[in-house]
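Notes to accompany the following structure.
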Amino acid sequence: MIENILAGHAVNAVNQLFNTQIEPSLLAVQRTIPAFRNQGDFSLVVFPLLKISRKSPEETASLIGNKILSLMPEAEGFGVVKGYLNIRIKPEYWMQFLITHQNEFSYGKSEAATGNPVVVEYSSPNTNKPLHLGHIRNNLLGYSVSQILKASGKNVVKVNLVNDRGIHICKSMLAWKLYGNGETPPSSGKKGDKLVGDFYVMFDRKYKEELSALMEKGLTEEQAAAASGLMTQAREMLLKWEARDEETLKLWNTMNGWVYEGFDLTYKRLGVNFDKIYYESQTYLLGKKIVEEGLQSGVLFRKEDGSVWINLIDEGLDEKLLLRSDGTSVYMTQDLGTAQLRADDYNPDKLIYVVGNEQNYHFDVLKLIMKKMGRAWADSIFHLSYGMVELPEGKMKSREGTVVDADDLMDEMIATARAMTEELGKIEDFNSSEAEALYNMVGLGALKYFILKVDPKKNMTFNPRESIDFNGNTGPFIQYTHARIRSIMRKAGDNIIFSGADNLHPSESDLLILLYQFPQMVELAAKELSPSIIANYLFEVAREYNQFYHELTILKEENPGSRSLRLAISQMTSIVIKNGMGMLVPEDVVLGSKKYKPEKNIFLSILRGGGGGGAPPTRCALTISS
RNA sequence: GGCUCCGUAGUUCAACGGAUAGAACGGAAGUUUCCUAAACUUUAAAUACAGGUUCGAUUCCUGUCGGGGCUACCA
């Protein structure tokens with residue numbers, strides 16, 4: 001890439017001028033800021049070289065500039081502002097780039113994957129709670145990071161961890177048994193996950209009623225809890241489950257099945273999917289074995305009451321419980337087993353966990369334990385920790401009933417898209433299924449883009465109204481730009497072949513250089529595990545394209561060289577938007593597939609939602625505060 | 001209290017230690033006989049505070065103030 005070529009020549013120039021070999025890292029090559037674009041395309045900061053040159057910044061820059069001009073065939077001129085050397089690259093270089101890549105439909109995406117896989121865990125919700133806004137961020141991040149890693153040439157395995165066992169699962173089962181009257185998703189008309197979630201809530205309500213009744217009789221809260229018949233029955237059910245009681249297992253399978261079916265629908269709409277599902281019910285025993293191993297090797301210790309702990313005080317942390325005094329496992333126990341299983345299954349380069357930042361401590365501890373247990377792969381554990389999602393009205397709180405359900409939110413986004421479209425009267429010639437498809441694409445595209453454009457590390461505010469605006473840094477703005485380009489390409493006909501033009505307009509070269517940088521952006525996003533880098537880049541591409549579109553005529557351009565140049569740039573822009581969007585979400589969900597023949601209205605060109613296959617899914621239980 | 005993350009225009013987001021801190025929304029003012037105006041152009045507006053390191057700090061370090069999270073034999 002040209003930045004590296006330029007840096008290489010700069011190193012040589014310094015060597016020849018000042019007889020000093022410098023590290024390329026000393027030289028920062030960056031895109032020239034717009035204010036000085038009249039001088040050059042890329043800039044070199046020469047301040048770090050002043051000690052070597054022993055000359056003024058301006059003089060040093062001029063000397064290097066002249067030397068680079070003689071060394072570098074791609075350079076055609078330079079300008080100097082203070083310590084900044086601005087190098088102009090020949091237009092032919094950018095045209096050649098366009099000639100080479102104009103019809104490369106996989107531009108920016110690596111075709112072949114190499115190396116051991118990267119395992120990305122995401123989603124992992126609690127099967128008692130339907131997915132909410134917090135999960136949406138988790139799912140979108142996990143899916144997108146996986147796509148970005150793939151695009152950068154990694155083998156990626158997307159995995160989900162299902163929290164399908166434990167006392168909380170028994171609570172919803174018990175409530176269904178006692179009060180459910182045989183209700184099923186079809187009989188109630190509820191989604192499976194919602195139905196089970198309702199019984200979980202019902203257990204909690206009945207339990208509290210029982211407690212207050214007992215406390216009215218004079219028991220303390222603790223006594224009441226111990227005397228609770230409901231809780232006793234739940235515990236009994238857990239014991240039965242662990243003892244593989246047939247009837248309990250049957251109910252367990254049935255109700256889990258309902259939840260998975262419900263989650264499946266939500267996953268499908270979100271457009272996420274998984275390569276492998278891990279179930280806690282299948283990993284917690286392995287976790288217990290690892291605890292056993294740790295006890296024998298002396299890494300772990302047992303307290304008098306029988307509970308097992310690890311001492312991490314020397315590491316600046318605390319003592320951490322790994323097994324309860326009654327021998328049952330805790331959250332961490334199963335994670336030890338799950339991590340081991342993944343290491344055995346894939347021998348991965350990296351084990352990425354997409355989990356909210358409230359669990360930072362948990363993953364620090366997980367990594368440390370594995371290290372102390374002598375697992376060489378412990379260092380490959382990486383917690384992709386993301387911030388909370390808030391609403392303009394404030395935080396979601398389950399107690400206050402302000403949790404935004406994922407399905408409801410998606411419905412609302414689609415409804416807003418409908419209302420806005422109808423208000424503008426844009427699609428009067430659409431049939432109903434086309435219109436529905438459009439609302440889906442715009443509504444869901446808005447939601448997904450808005451959430452992914454923010455740096456994962458940061459807390460964010462999701463503003464539904466703002467997200468769906470066609471003006472501004474939004475998904476619909478990018479979708480609209482893509483639709484505009486497709487419209488032009490359709491009118492231009494199929495074979496656009498650019499072979500050269502007389503000159504480059506600044507709008508053309510700015511856009512072209514931006515397109516040129518796409519692969520670098522993918523690399524950066526993969527390195528940082530940050531979809532926001534791709535999202536913000538795509539916005540810039542779309543903005544730049546709209547400017548270009550407004551400023552220059554394309555189809556009606558009379559100069560054939562310029563016309564084909566602009567068409568080829570348009571073509572590449574649409575490829576970059578399509579491939580880039582595909583690294584955020586399944587691209588046909590937000591940009592449409594080619595199956596439609598959008599003759600009557602170009603909005604159809606962004607139509608048609610596909611959606612990936614879904615699969616069943618704990619870690620998200622606490623992304624909302626309670 | 002301890003640990004940790006974060007404080008950038010009115011608001012929501014950007015900025016490998018580099019130029020005059022970018023956008024978007026909202027505010028103000030414009031652009032349609034022309035490939036989609038769900039677009040484009042112009043404009044006012046910000047680095048919480050105090051030190052330090054550096055040729056250069058929004059970025060790194062220290063402290064203060066303000067906010068989030070964690071600190072369960074919950075997950």
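In what follows, chains are A, B, ... by sequence order, proteins preceding strands, each numbered from 1.
Contacts of A:F539 with the nucleic acid, taken as non-hydrogen atoms under 4.0 Å apart, involve only primed sugar atoms and P, OP1 or OP2.
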How does RNA chain B look in dot-bracket notation if pairs are Watson-Crick or G-U with both distances under 3.5 Å, crossing ones as [ ], other-strand ones as |? (((((((..((((....[...)))).(((((.......)))))....(((((..]....))))))))))))....
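Positionally, the nearest nucleotide of RNA chain B for A:L317 lies more toward the 5' end than for the other of A:L317 and A:K82. Comparing A:T421 and A:K457 by the nucleotide of RNA chain B whose heavy atom lies nearest to each, the residue mapping closer to the 5' end is A:K457.
Atom CG of A:N128 is separated from atom C1' of B:A75 by 11 Å (rounded to the nearest Å).
Contact detail for A:I577 and A:I485: the closest heavy-atom pair is CD1-CD1, 4.4 Å.
The pair A:K303-A:E319 counts as a salt bridge, with a side-chain nitrogen and a carboxylate oxygen less than 4.0 angstrom apart. Under 4.0 Å is where a charged nitrogen must lie from a carboxylate oxygen, and between A:R31 and A:D510 at least one such pair does.
Applying the 90° criterion around 0 to the glycosidic angle, B:U32 comes out syn.
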Test side chain to side chain contact (heavy atoms under 4.5 Å, CB included) on A:L321 and A:V330; report intermediate values, then the result. CA-CA 8 Å; A:L321 177 89; A:V330 292; 3.7 Å; yes
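Stacking between A:Y84 and B:A19 is shown: the ring centroid lies under 5.5 Å from the centre of the six-membered base ring, and the planes differ by under 30°.
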With sugar-phosphate taken as primed atoms, P, OP1 and OP2 and all else as base, the protein-contact string of nucleotides 11-17 of chain B at under 4.0 Å (heavy atoms; B, S, -) is -SSS-B-
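Remark: the A:T474 side chain and the B:A24 base include no donor-acceptor N/O pair separated by less than 3.5 Å.
A:D318 meets the salt bridge (charged side-chain N to carboxylate O under 4.0 Å, His left out) test with no other residue; sequence neighbours excluded.
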